[in-house]
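Single-structure report; data block below.
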Amino acid sequence: MFQRILIANRGEIALRIIRACREMGVETVAVYSEADRGAHYLSLADEAYCIGKAAATDSYLLINRIISAAEIGNVQAIHPGYGFLAENAHFAEVCRECSIEFIGPHHTSMEKLGDKVSAREIALKAKVNVVPGSDGLVADEATALKVAGEIGYPVLIKATAGGGGKGMRVARNDISLKSGFSAARQEAEKSFKNPGVYIEKYIEQPRHIEVQLIADQHGNCVHLWERDCSTQRKHQKLIEESPAPNLPKSVREDICKSAVRLIKSAGYYNAGTVEFILDQDNQFYFIEVNARIQVEHPVSEMVTGIDLIQQQIRVASGEELDLQQRQIKANGSAIEIRINAEDPDNDYRGCPGQITKLRVPGGLGIRFDSHVHEGYRISPYYDSMIGKLIVHRPTRKQAVSAARAALGEFEIEGVKTTIPLARKILDHSAFIDGEIDTTFLERTF
Ligand code: ADP
(Lines give C-alpha, C1' and ligand atoms only; values in the text may rest on other atoms or scores of the structure.)
Protein backbone atom coordinates (compact mmCIF):
# COMPACT_ATOMS: atom_id res chain seq x y z
CA MET A 1 0.00 0.00 0.00
CA PHE A 2 1.12 3.56 -0.70
CA GLN A 3 2.38 5.56 2.25
CA ARG A 4 1.86 8.93 0.65
CA ILE A 5 -0.10 10.22 -2.32
CA LEU A 6 -0.47 13.57 -4.07
CA ILE A 7 -3.87 14.93 -5.01
CA ALA A 8 -3.77 16.74 -8.34
CA ASN A 9 -7.05 18.56 -7.85
CA ARG A 10 -8.88 21.12 -5.74
CA GLY A 11 -12.15 21.77 -3.94
CA GLU A 12 -14.60 19.14 -2.77
CA ILE A 13 -12.95 16.21 -4.54
CA ALA A 14 -9.53 17.08 -3.08
CA LEU A 15 -11.13 17.09 0.37
CA ARG A 16 -12.98 13.83 -0.38
CA ILE A 17 -9.67 12.13 -1.29
CA ILE A 18 -7.87 13.58 1.75
CA ARG A 19 -10.61 12.15 3.99
CA ALA A 20 -10.38 8.71 2.40
CA CYS A 21 -6.60 8.72 2.87
CA ARG A 22 -6.70 9.86 6.48
CA GLU A 23 -9.02 6.98 7.26
CA MET A 24 -6.63 4.54 5.57
CA GLY A 25 -3.56 6.00 7.28
CA VAL A 26 -2.16 7.20 3.94
CA GLU A 27 -0.41 10.61 4.05
CA THR A 28 -1.45 13.26 1.54
CA VAL A 29 0.26 16.03 -0.36
CA ALA A 30 -2.09 18.70 -1.70
CA VAL A 31 -1.35 21.21 -4.43
CA TYR A 32 -3.05 24.56 -4.85
CA SER A 33 -3.15 27.59 -7.08
CA GLU A 34 -2.74 31.14 -5.79
CA ALA A 35 -6.53 31.47 -5.84
CA ASP A 36 -6.88 28.52 -3.46
CA ARG A 37 -4.17 29.60 -1.03
CA GLY A 38 -5.46 29.34 2.51
CA ALA A 39 -8.44 27.12 1.63
CA HIS A 40 -9.45 25.26 4.79
CA TYR A 41 -9.27 21.77 3.33
CA LEU A 42 -5.56 22.21 2.61
CA SER A 43 -4.81 22.12 6.32
CA LEU A 44 -6.11 18.52 6.47
CA ALA A 45 -3.36 17.39 4.07
CA ASP A 46 0.07 16.52 5.49
CA GLU A 47 1.76 18.93 3.11
CA ALA A 48 0.61 21.44 0.51
CA TYR A 49 2.47 23.11 -2.34
CA CYS A 50 1.53 26.10 -4.44
CA ILE A 51 1.85 25.18 -8.12
CA GLY A 52 1.02 28.44 -9.85
CA LYS A 53 -1.45 31.13 -10.72
CA ALA A 54 -5.21 30.99 -10.46
CA ALA A 55 -5.98 30.00 -14.06
CA ALA A 56 -6.05 26.20 -14.32
CA THR A 57 -3.76 26.38 -17.37
CA ASP A 58 -1.17 28.02 -15.07
CA SER A 59 -1.55 25.52 -12.20
CA TYR A 60 -3.84 22.47 -12.04
CA LEU A 61 -3.20 21.62 -15.70
CA LEU A 62 0.59 21.99 -15.57
CA ILE A 63 1.99 18.46 -15.65
CA ASN A 64 5.58 19.54 -14.93
CA ARG A 65 4.59 21.46 -11.79
CA ILE A 66 2.52 18.58 -10.47
CA ILE A 67 5.29 16.06 -11.08
CA SER A 68 7.77 18.42 -9.35
CA ALA A 69 5.47 18.69 -6.33
CA ALA A 70 5.10 14.90 -6.31
CA GLU A 71 8.88 14.47 -6.32
CA ILE A 72 9.47 17.07 -3.60
CA GLY A 73 6.62 15.58 -1.58
CA ASN A 74 8.10 12.10 -2.07
CA VAL A 75 4.80 10.42 -2.97
CA GLN A 76 4.28 7.00 -4.54
CA ALA A 77 1.07 7.85 -6.36
CA ILE A 78 -1.10 10.66 -7.72
CA HIS A 79 -4.87 10.80 -7.50
CA PRO A 80 -6.23 13.06 -10.27
CA GLY A 81 -9.84 13.40 -9.00
CA TYR A 82 -12.19 14.41 -11.83
CA GLY A 83 -11.77 17.16 -14.43
CA PHE A 84 -8.37 18.83 -14.95
CA LEU A 85 -5.88 16.04 -15.81
CA ALA A 86 -8.05 13.10 -14.77
CA GLU A 87 -8.65 11.83 -18.31
CA ASN A 88 -5.38 12.98 -19.82
CA ALA A 89 -3.68 9.79 -21.01
CA HIS A 90 -0.39 11.64 -21.49
CA PHE A 91 -0.40 12.69 -17.84
CA ALA A 92 -1.06 9.10 -16.71
CA GLU A 93 1.85 7.94 -18.84
CA VAL A 94 4.20 10.67 -17.57
CA CYS A 95 3.37 9.79 -13.94
CA ARG A 96 4.25 6.14 -14.49
CA GLU A 97 7.40 7.01 -16.43
CA CYS A 98 8.46 9.00 -13.38
CA SER A 99 7.79 5.90 -11.23
CA ILE A 100 4.75 7.49 -9.64
CA GLU A 101 1.58 5.40 -9.91
CA PHE A 102 -1.38 7.14 -11.52
CA ILE A 103 -4.55 6.28 -9.59
CA GLY A 104 -6.63 5.46 -12.62
CA PRO A 105 -6.59 3.21 -15.67
CA HIS A 106 -3.63 2.43 -17.90
CA HIS A 107 -3.07 5.21 -20.44
CA THR A 108 -3.70 2.92 -23.43
CA SER A 109 -7.20 1.92 -22.28
CA MET A 110 -7.83 5.56 -21.42
CA GLU A 111 -6.87 6.60 -24.96
CA LYS A 112 -8.99 3.91 -26.58
CA LEU A 113 -12.05 4.71 -24.49
CA GLY A 114 -11.53 8.49 -24.50
CA ASP A 115 -12.16 8.57 -28.21
CA LYS A 116 -15.87 7.99 -28.75
CA VAL A 117 -15.57 6.31 -32.13
CA SER A 118 -13.01 3.82 -30.85
CA ALA A 119 -15.06 3.30 -27.65
CA ARG A 120 -18.05 2.39 -29.86
CA GLU A 121 -15.89 -0.20 -31.63
CA ILE A 122 -14.86 -1.71 -28.28
CA ALA A 123 -18.50 -1.83 -27.21
CA LEU A 124 -19.53 -3.54 -30.44
CA LYS A 125 -16.80 -6.14 -30.00
CA ALA A 126 -18.01 -6.78 -26.44
CA LYS A 127 -21.54 -7.28 -27.84
CA VAL A 128 -22.86 -4.20 -26.09
CA ASN A 129 -25.63 -2.29 -27.82
CA VAL A 130 -24.54 1.03 -29.30
CA VAL A 131 -26.77 3.77 -30.72
CA PRO A 132 -27.31 3.03 -34.43
CA GLY A 133 -24.98 5.29 -36.35
CA SER A 134 -22.11 5.77 -38.77
CA ASP A 135 -19.36 3.25 -39.19
CA GLY A 136 -16.62 5.39 -37.67
CA LEU A 137 -15.87 9.02 -38.48
CA VAL A 138 -17.86 10.89 -41.10
CA ALA A 139 -15.46 12.81 -43.34
CA ASP A 140 -17.70 15.01 -45.45
CA GLU A 141 -21.18 16.37 -45.93
CA ALA A 142 -22.12 13.93 -48.69
CA THR A 143 -21.33 10.96 -46.44
CA ALA A 144 -23.21 12.62 -43.57
CA LEU A 145 -26.31 12.92 -45.77
CA LYS A 146 -26.00 9.31 -46.84
CA VAL A 147 -25.66 8.03 -43.25
CA ALA A 148 -28.59 10.17 -42.08
CA GLY A 149 -30.66 8.79 -44.97
CA GLU A 150 -29.88 5.25 -43.82
CA ILE A 151 -30.54 5.64 -40.11
CA GLY A 152 -33.35 8.20 -40.51
CA TYR A 153 -33.88 11.59 -38.88
CA PRO A 154 -33.49 12.91 -36.24
CA VAL A 155 -29.75 12.32 -35.91
CA LEU A 156 -27.07 13.62 -33.59
CA ILE A 157 -23.71 14.81 -34.87
CA LYS A 158 -21.08 14.15 -32.19
CA ALA A 159 -17.42 14.99 -31.76
CA THR A 160 -15.28 11.89 -31.33
CA ALA A 161 -13.10 13.78 -28.84
CA GLY A 162 -16.20 15.35 -27.24
CA GLY A 163 -16.94 16.09 -23.63
CA GLY A 164 -19.18 18.38 -21.61
CA GLY A 165 -21.82 18.31 -24.34
CA LYS A 166 -19.59 20.29 -26.73
CA GLY A 167 -19.54 19.64 -30.46
CA MET A 168 -22.99 17.99 -30.44
CA ARG A 169 -25.73 18.99 -32.89
CA VAL A 170 -29.19 17.57 -33.47
CA ALA A 171 -30.34 17.49 -37.09
CA ARG A 172 -33.94 16.85 -38.08
CA ASN A 173 -33.58 17.20 -41.86
CA ASP A 174 -31.00 17.57 -44.65
CA ILE A 175 -30.81 21.35 -44.25
CA SER A 176 -30.05 21.30 -40.52
CA LEU A 177 -27.66 18.37 -41.05
CA LYS A 178 -25.61 20.41 -43.53
CA SER A 179 -25.32 23.44 -41.26
CA GLY A 180 -24.90 21.30 -38.11
CA PHE A 181 -22.19 19.19 -39.68
CA SER A 182 -19.78 22.04 -40.33
CA ALA A 183 -20.72 23.80 -37.05
CA ALA A 184 -20.02 20.63 -35.04
CA ARG A 185 -16.67 20.11 -36.80
CA GLN A 186 -15.63 23.70 -36.12
CA GLU A 187 -16.67 23.52 -32.47
CA ALA A 188 -14.84 20.21 -32.06
CA GLU A 189 -11.68 21.62 -33.62
CA LYS A 190 -11.87 24.69 -31.40
CA SER A 191 -12.61 22.82 -28.16
CA PHE A 192 -10.64 19.60 -28.62
CA LYS A 193 -8.21 20.34 -31.47
CA ASN A 194 -9.79 17.39 -33.26
CA PRO A 195 -12.52 18.08 -35.85
CA GLY A 196 -13.54 14.40 -36.15
CA VAL A 197 -17.30 13.85 -35.90
CA TYR A 198 -19.62 10.89 -36.30
CA ILE A 199 -23.36 10.45 -36.54
CA GLU A 200 -25.78 8.67 -34.24
CA LYS A 201 -29.53 8.22 -34.23
CA TYR A 202 -30.96 10.90 -31.94
CA ILE A 203 -32.99 9.13 -29.28
CA GLU A 204 -36.03 11.21 -28.32
CA GLN A 205 -36.46 11.96 -24.62
CA PRO A 206 -34.05 9.31 -23.36
CA ARG A 207 -33.02 8.60 -19.79
CA HIS A 208 -29.35 8.74 -18.88
CA ILE A 209 -28.38 5.57 -17.01
CA GLU A 210 -24.78 4.80 -16.08
CA VAL A 211 -23.07 1.91 -14.35
CA GLN A 212 -20.31 2.32 -11.77
CA LEU A 213 -17.48 -0.19 -11.97
CA ILE A 214 -14.27 -0.95 -10.20
CA ALA A 215 -11.65 -3.30 -11.64
CA ASP A 216 -8.26 -4.42 -10.38
CA GLN A 217 -5.06 -5.17 -12.29
CA HIS A 218 -5.64 -8.94 -12.02
CA GLY A 219 -8.67 -9.17 -14.30
CA ASN A 220 -11.39 -8.83 -11.63
CA CYS A 221 -14.19 -6.38 -12.22
CA VAL A 222 -17.41 -5.70 -10.34
CA HIS A 223 -20.22 -3.20 -10.81
CA LEU A 224 -21.84 -1.12 -8.08
CA TRP A 225 -25.18 -1.00 -9.88
CA GLU A 226 -26.55 1.91 -11.81
CA ARG A 227 -27.24 5.61 -11.41
CA ASP A 228 -29.93 7.63 -13.11
CA CYS A 229 -28.58 11.04 -14.15
CA SER A 230 -31.44 12.20 -16.35
CA THR A 231 -31.98 15.50 -14.54
CA GLN A 232 -29.70 17.59 -16.73
CA ARG A 233 -29.52 21.18 -17.84
CA LYS A 234 -27.71 21.73 -21.15
CA HIS A 235 -26.26 18.21 -20.87
CA GLN A 236 -24.90 19.01 -17.39
CA LYS A 237 -26.08 16.74 -14.61
CA LEU A 238 -27.88 18.38 -11.68
CA ILE A 239 -29.44 15.51 -9.74
CA GLU A 240 -28.29 11.89 -9.72
CA GLU A 241 -29.71 8.89 -7.96
CA SER A 242 -29.29 5.20 -7.35
CA PRO A 243 -31.03 2.91 -8.03
CA ALA A 244 -32.69 4.24 -11.19
CA PRO A 245 -36.44 4.53 -10.51
CA ASN A 246 -38.90 2.34 -12.43
CA LEU A 247 -36.20 0.35 -14.20
CA PRO A 248 -37.36 -3.22 -14.89
CA LYS A 249 -35.21 -5.78 -13.06
CA SER A 250 -34.15 -7.59 -16.22
CA VAL A 251 -33.06 -4.34 -17.92
CA ARG A 252 -31.13 -3.38 -14.83
CA GLU A 253 -29.29 -6.68 -14.76
CA ASP A 254 -28.57 -6.58 -18.48
CA ILE A 255 -27.23 -3.04 -18.40
CA CYS A 256 -24.90 -3.78 -15.50
CA LYS A 257 -23.64 -7.00 -17.10
CA SER A 258 -23.05 -5.19 -20.40
CA ALA A 259 -20.97 -2.58 -18.62
CA VAL A 260 -18.80 -5.24 -16.96
CA ARG A 261 -18.31 -6.98 -20.33
CA LEU A 262 -17.19 -3.75 -21.96
CA ILE A 263 -14.74 -2.83 -19.20
CA LYS A 264 -13.26 -6.33 -19.12
CA SER A 265 -12.82 -6.47 -22.88
CA ALA A 266 -11.04 -3.10 -22.83
CA GLY A 267 -8.52 -4.46 -20.29
CA TYR A 268 -9.52 -1.54 -18.10
CA TYR A 269 -8.67 -1.23 -14.43
CA ASN A 270 -9.48 1.20 -11.57
CA ALA A 271 -12.85 2.99 -11.23
CA GLY A 272 -14.85 3.80 -14.32
CA THR A 273 -18.36 4.52 -15.46
CA VAL A 274 -20.12 3.19 -18.53
CA GLU A 275 -22.82 5.58 -19.70
CA PHE A 276 -25.95 4.54 -21.57
CA ILE A 277 -29.09 6.17 -22.80
CA LEU A 278 -32.36 4.36 -22.41
CA ASP A 279 -35.16 4.92 -24.91
CA GLN A 280 -38.85 4.97 -24.11
CA ASP A 281 -39.10 1.21 -24.72
CA ASN A 282 -36.35 0.55 -22.14
CA GLN A 283 -33.86 -0.37 -24.84
CA PHE A 284 -30.41 0.79 -23.73
CA TYR A 285 -27.53 2.02 -25.86
CA PHE A 286 -23.90 2.61 -24.89
CA ILE A 287 -22.75 6.22 -25.28
CA GLU A 288 -19.39 6.60 -23.55
CA VAL A 289 -16.98 5.56 -20.81
CA ASN A 290 -15.78 7.98 -18.15
CA ALA A 291 -12.31 6.80 -17.22
CA ARG A 292 -12.19 8.41 -13.78
CA ILE A 293 -14.09 8.84 -10.54
CA GLN A 294 -17.20 10.92 -11.17
CA VAL A 295 -18.86 13.78 -9.32
CA GLU A 296 -21.88 11.56 -8.61
CA HIS A 297 -19.96 8.60 -7.17
CA PRO A 298 -21.36 9.15 -3.62
CA VAL A 299 -24.85 7.85 -4.48
CA SER A 300 -23.32 4.48 -5.36
CA GLU A 301 -21.26 4.59 -2.18
CA MET A 302 -24.35 5.22 -0.08
CA VAL A 303 -26.42 2.35 -1.47
CA THR A 304 -23.57 -0.18 -1.51
CA GLY A 305 -21.60 0.97 1.53
CA ILE A 306 -18.38 0.81 -0.51
CA ASP A 307 -15.84 3.66 -0.37
CA LEU A 308 -14.93 4.11 -4.03
CA ILE A 309 -11.93 6.37 -3.43
CA GLN A 310 -10.38 3.85 -1.06
CA GLN A 311 -11.04 1.09 -3.61
CA GLN A 312 -9.32 3.18 -6.29
CA ILE A 313 -6.25 3.60 -4.11
CA ARG A 314 -6.15 -0.11 -3.21
CA VAL A 315 -6.36 -1.37 -6.78
CA ALA A 316 -3.84 1.23 -7.97
CA SER A 317 -1.37 -0.12 -5.41
CA GLY A 318 -1.76 -3.55 -7.01
CA GLU A 319 -4.11 -5.14 -4.48
CA GLU A 320 -6.72 -7.58 -5.65
CA LEU A 321 -10.35 -6.51 -5.32
CA ASP A 322 -11.79 -7.76 -2.04
CA LEU A 323 -15.34 -7.46 -3.40
CA GLN A 324 -17.50 -10.28 -4.74
CA GLN A 325 -20.24 -9.29 -7.16
CA ARG A 326 -22.94 -11.28 -5.36
CA GLN A 327 -22.14 -9.49 -2.09
CA ILE A 328 -22.68 -6.03 -3.57
CA LYS A 329 -26.25 -5.09 -2.79
CA ALA A 330 -27.92 -1.76 -3.47
CA ASN A 331 -29.71 -0.89 -0.24
CA GLY A 332 -32.35 1.81 -0.13
CA SER A 333 -32.25 4.88 -2.31
CA ALA A 334 -29.70 7.68 -2.57
CA ILE A 335 -30.09 11.05 -4.27
CA GLU A 336 -27.37 13.61 -4.91
CA ILE A 337 -28.12 17.26 -5.58
CA ARG A 338 -25.34 19.40 -6.95
CA ILE A 339 -25.29 22.84 -5.39
CA ASN A 340 -23.82 25.33 -7.85
CA ALA A 341 -23.16 29.01 -7.28
CA GLU A 342 -25.11 30.15 -10.31
CA ASP A 343 -27.53 32.96 -11.00
CA PRO A 344 -31.00 31.75 -12.07
CA ASP A 345 -31.86 35.26 -13.29
CA ASN A 346 -28.87 35.29 -15.58
CA ASP A 347 -29.25 31.96 -17.42
CA TYR A 348 -27.48 30.11 -14.61
CA ARG A 349 -24.15 31.77 -15.23
CA GLY A 350 -21.49 31.20 -12.59
CA CYS A 351 -21.93 33.54 -9.64
CA PRO A 352 -18.55 33.92 -7.92
CA GLY A 353 -18.21 35.91 -4.71
CA GLN A 354 -17.94 35.53 -0.98
CA ILE A 355 -20.24 33.27 1.04
CA THR A 356 -21.22 35.63 3.86
CA LYS A 357 -23.50 33.19 5.67
CA LEU A 358 -23.61 29.40 5.55
CA ARG A 359 -25.78 26.90 7.35
CA VAL A 360 -25.73 23.34 6.08
CA PRO A 361 -28.20 20.53 6.74
CA GLY A 362 -27.45 17.42 8.77
CA GLY A 363 -29.10 14.42 10.34
CA LEU A 364 -29.62 10.74 9.61
CA GLY A 365 -28.52 9.79 6.11
CA ILE A 366 -27.53 13.33 5.13
CA ARG A 367 -24.07 13.86 3.64
CA PHE A 368 -22.72 17.17 2.41
CA ASP A 369 -19.49 16.87 0.42
CA SER A 370 -18.11 20.37 0.17
CA HIS A 371 -14.97 22.41 0.72
CA VAL A 372 -16.74 25.72 1.34
CA HIS A 373 -17.40 27.48 4.63
CA GLU A 374 -18.69 30.83 5.84
CA GLY A 375 -16.36 33.53 4.54
CA TYR A 376 -15.19 31.32 1.63
CA ARG A 377 -14.57 33.21 -1.58
CA ILE A 378 -15.78 31.36 -4.70
CA SER A 379 -13.25 31.93 -7.43
CA PRO A 380 -14.35 32.82 -10.97
CA TYR A 381 -11.57 30.60 -12.31
CA TYR A 382 -13.10 27.20 -11.63
CA ASP A 383 -16.44 25.46 -12.06
CA SER A 384 -19.42 26.71 -10.13
CA MET A 385 -20.11 23.62 -7.99
CA ILE A 386 -19.77 24.43 -4.29
CA GLY A 387 -20.99 21.17 -2.85
CA LYS A 388 -23.07 18.05 -3.19
CA LEU A 389 -25.94 17.14 -0.93
CA ILE A 390 -26.38 13.37 -0.74
CA VAL A 391 -29.38 11.82 0.96
CA HIS A 392 -29.78 8.12 1.72
CA ARG A 393 -33.03 6.54 2.90
CA PRO A 394 -34.67 3.10 2.82
CA THR A 395 -37.07 4.07 0.00
CA ARG A 396 -37.02 6.57 -2.83
CA LYS A 397 -40.12 8.30 -1.49
CA GLN A 398 -38.38 8.86 1.84
CA ALA A 399 -35.20 9.98 0.09
CA VAL A 400 -37.11 12.61 -1.89
CA SER A 401 -38.79 13.93 1.28
CA ALA A 402 -35.49 13.97 3.16
CA ALA A 403 -33.78 15.79 0.28
CA ARG A 404 -36.54 18.36 0.24
CA ALA A 405 -36.25 18.92 3.99
CA ALA A 406 -32.45 19.11 3.82
CA LEU A 407 -32.56 21.68 1.01
CA GLY A 408 -34.89 23.73 3.18
CA GLU A 409 -32.28 23.80 5.93
CA PHE A 410 -29.62 25.45 3.78
CA GLU A 411 -28.89 29.10 4.34
CA ILE A 412 -26.41 30.50 1.89
CA GLU A 413 -25.91 34.24 1.62
CA GLY A 414 -23.60 36.29 -0.55
CA VAL A 415 -24.00 34.22 -3.72
CA LYS A 416 -26.94 32.84 -5.67
CA THR A 417 -27.27 29.09 -5.98
CA THR A 418 -29.20 26.36 -7.77
CA ILE A 419 -31.01 25.39 -4.53
CA PRO A 420 -34.32 27.06 -5.56
CA LEU A 421 -34.25 25.16 -8.88
CA ALA A 422 -33.49 21.87 -7.08
CA ARG A 423 -36.46 22.47 -4.76
CA LYS A 424 -38.77 23.04 -7.73
CA ILE A 425 -37.58 19.81 -9.34
CA LEU A 426 -38.12 17.81 -6.14
CA ASP A 427 -41.65 19.19 -5.91
CA HIS A 428 -42.54 18.27 -9.48
CA SER A 429 -44.83 15.28 -9.95
CA ALA A 430 -42.70 13.86 -12.79
CA PHE A 431 -39.66 13.75 -10.53
CA ILE A 432 -41.63 12.37 -7.61
CA ASP A 433 -42.96 9.59 -9.86
CA GLY A 434 -39.46 8.88 -11.19
CA GLU A 435 -40.44 9.77 -14.72
CA ILE A 436 -37.64 12.04 -15.78
CA ASP A 437 -35.85 12.08 -19.11
CA THR A 438 -32.90 14.24 -20.14
CA THR A 439 -35.15 16.86 -21.73
CA PHE A 440 -37.44 17.24 -18.68
CA LEU A 441 -35.70 20.25 -17.15
CA GLU A 442 -35.60 22.30 -20.31
CA ARG A 443 -39.16 21.36 -21.23
CA THR A 444 -40.54 22.14 -17.78
CA PHE A 445 -38.68 25.13 -16.35
P1 ADP B 1 -20.31 14.41 -23.47
O2 ADP B 1 -19.10 13.53 -23.44
O3 ADP B 1 -20.09 15.66 -24.27
O4 ADP B 1 -20.93 14.64 -22.13
P5 ADP B 1 -22.19 12.25 -24.07
O6 ADP B 1 -21.98 11.31 -25.19
O7 ADP B 1 -21.90 11.75 -22.70
O8 ADP B 1 -21.38 13.61 -24.35
O9 ADP B 1 -23.67 12.77 -24.08
C10 ADP B 1 -24.11 13.77 -23.18
C11 ADP B 1 -25.62 13.77 -23.10
O12 ADP B 1 -26.20 14.01 -24.38
C13 ADP B 1 -26.22 12.46 -22.62
O14 ADP B 1 -26.32 12.38 -21.22
C15 ADP B 1 -27.59 12.51 -23.25
O16 ADP B 1 -28.43 13.32 -22.46
C17 ADP B 1 -27.35 13.22 -24.55
N18 ADP B 1 -27.14 12.27 -25.67
C19 ADP B 1 -25.99 11.70 -26.06
N20 ADP B 1 -26.17 10.88 -27.12
C21 ADP B 1 -27.47 10.95 -27.43
C22 ADP B 1 -28.32 10.36 -28.46
N23 ADP B 1 -27.83 9.52 -29.39
N24 ADP B 1 -29.63 10.67 -28.45
C25 ADP B 1 -30.15 11.53 -27.55
N26 ADP B 1 -29.43 12.11 -26.59
C27 ADP B 1 -28.11 11.85 -26.51
Side-chain angles (χ1 to χ4, degrees), residues 82-83 86-88 110 112-124 128-134 137-138 144 147-148 150-172 176-177 180 183-185 187-192 194-212 226-241 244 255 259 262 272-292 294-296 338 383 436-444:
Y82 53 68
E87 284 180 284
N88 183 321
M110 216 159 158
K112 277 190 273 171
L113 292 168
D115 179 274
K116 295 192 187 202
V117 165
S118 102
R120 266 173 77 90
E121 282 160 11
I122 294 173
L124 281 168
V128 174
N129 241 352
V130 301
V131 188
S134 59
L137 291 175
V138 175
V147 173
E150 281 159 17
I151 59 180
Y153 287 106
V155 299
L156 189 62
I157 309 156
K158 282 176 122 176
T160 191
K166 285 209 186 91
M168 268 200 292
R169 288 280 188 294
V170 183
R172 296 191 177 271
S176 64
L177 180 70
R185 280 181 68 88
E187 195 173 310
E189 170 66 39
K190 208 174 133 216
S191 306
F192 314 112
N194 176 355
V197 296
Y198 66 104
I199 291 179
E200 259 179 26
K201 176 90 186 155
Y202 178 70
I203 309 291
E204 303 272 9
Q205 304 194 2
R207 287 171 71 182
H208 174 115
I209 308 280
E210 57 184 36
V211 180
Q212 175 69 58
E226 82 289 359
R227 296 186 285 257
D228 186 328
C229 311
S230 303
T231 311
Q232 306 181 353
R233 197 180 162 275
K234 295 194 173 157
H235 302 302
Q236 300 293 321
K237 298 164 187 167
L238 262 185
I239 298 181
E240 300 100 341
E241 58 181 299
I255 208 167
L262 198 159
T273 298
V274 182
E275 297 191 333
F276 298 89
I277 48 178
L278 188 79
D279 71 13
Q280 290 169 6
D281 299 321
N282 282 328
Q283 175 65 55
F284 60 86
Y285 307 93
F286 164 76
I287 51 171
E288 70 164 341
V289 172
N290 287 139
R292 54 172 158 81
Q294 282 184 295
V295 172
E296 59 270 28
R338 301 191 190 198
D383 73 50
I436 297 283
D437 65 69
T438 59
T439 66
F440 161 80
L441 238 154
E442 265 123 338
R443 276 188 292 115
T444 316

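Counting starts at 1 for both ligands and their atoms, following the listed order.
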(Q) With a 4.5 Å cut-off on side-chain heavy atoms, are Glu121 and Lys112 touching? (A) no
The atoms of ligand 1 lying under 4.0 Å from a heavy atom of Glu275, numbered in the order shown, are 7 (O)
Ligand 1 to Tyr202, heavy atom cutoff 4.0 Å, flagged ligand atoms 24 (N), 25 (C), 26 (N)
#### Entry: Chi angles and distances behind the side chain to side chain donor-acceptor pair (under 3.5 Å) call for Gln236, Arg338
CA-CA 10 Å; Gln236 300 293 321; Arg338 301 191 190 198; 5.5 Å; no
Nearest-contact summary for [atom] - protein heavy atom, Å:
{"atom": "atom 18 (N) of ligand 1", "answer": "Leu156 CD2, 4.2 Å"}
{"atom": "atom 15 (C) of ligand 1", "answer": "Ile277 CG2, 4.1 Å"}
{"atom": "atom 23 (N) of ligand 1", "answer": "Glu200 OE1, 2.8 Å"}
{"atom": "atom 7 (O) of ligand 1", "answer": "Glu288 OE2, 2.6 Å"}
{"atom": "atom 20 (N) of ligand 1", "answer": "Lys158 NZ, 3.0 Å"}
{"atom": "atom 3 (O) of ligand 1", "answer": "Gly165 N, 2.5 Å"}
{"atom": "atom 14 (O) of ligand 1", "answer": "His208 ND1, 2.8 Å"}

Ranking His235, Met168, Lys201, Lys166 by closest non-hydrogen atom to atom 9 (O) of ligand 1, top hit is Met168
Checking heavy-atom distances from atom 13 (C) of ligand 1 to each of Ile287, Thr438, Val130, Ile203, the winner is Ile287
Is there a heavy atom of Lys116 sitting under 4.0 angstrom from any atom of ligand 1? yes
Separation between NZ (Lys237) and CG (Asp228), nearest 0.5 Å, reads 10.5 Å
Going by an N to O cut-off under 4.0 Å, is there a salt bridge joining Arg227 and Glu240? no
Answer yes or no: is there an ion pair linking Glu275 with Lys116, defined by an N-O contact shorter than 4.0 Å?
no
Within 6.0 Å of NZ in Lys166, more than 12 heavy atoms from elsewhere: no
Fill in: Candidate pair Glu210 and Thr273, rule side chain to side chain donor-acceptor pair (under 3.5 Å), full reasoning
CA-CA 6 Å; Glu210 57 184 36; Thr273 298; 4.9 Å; no
Q: State whether the side chain of Arg120 and the backbone N or O of Val131 hold a donor-acceptor pair below 3.5 Å, judged by distance alone.
A: yes
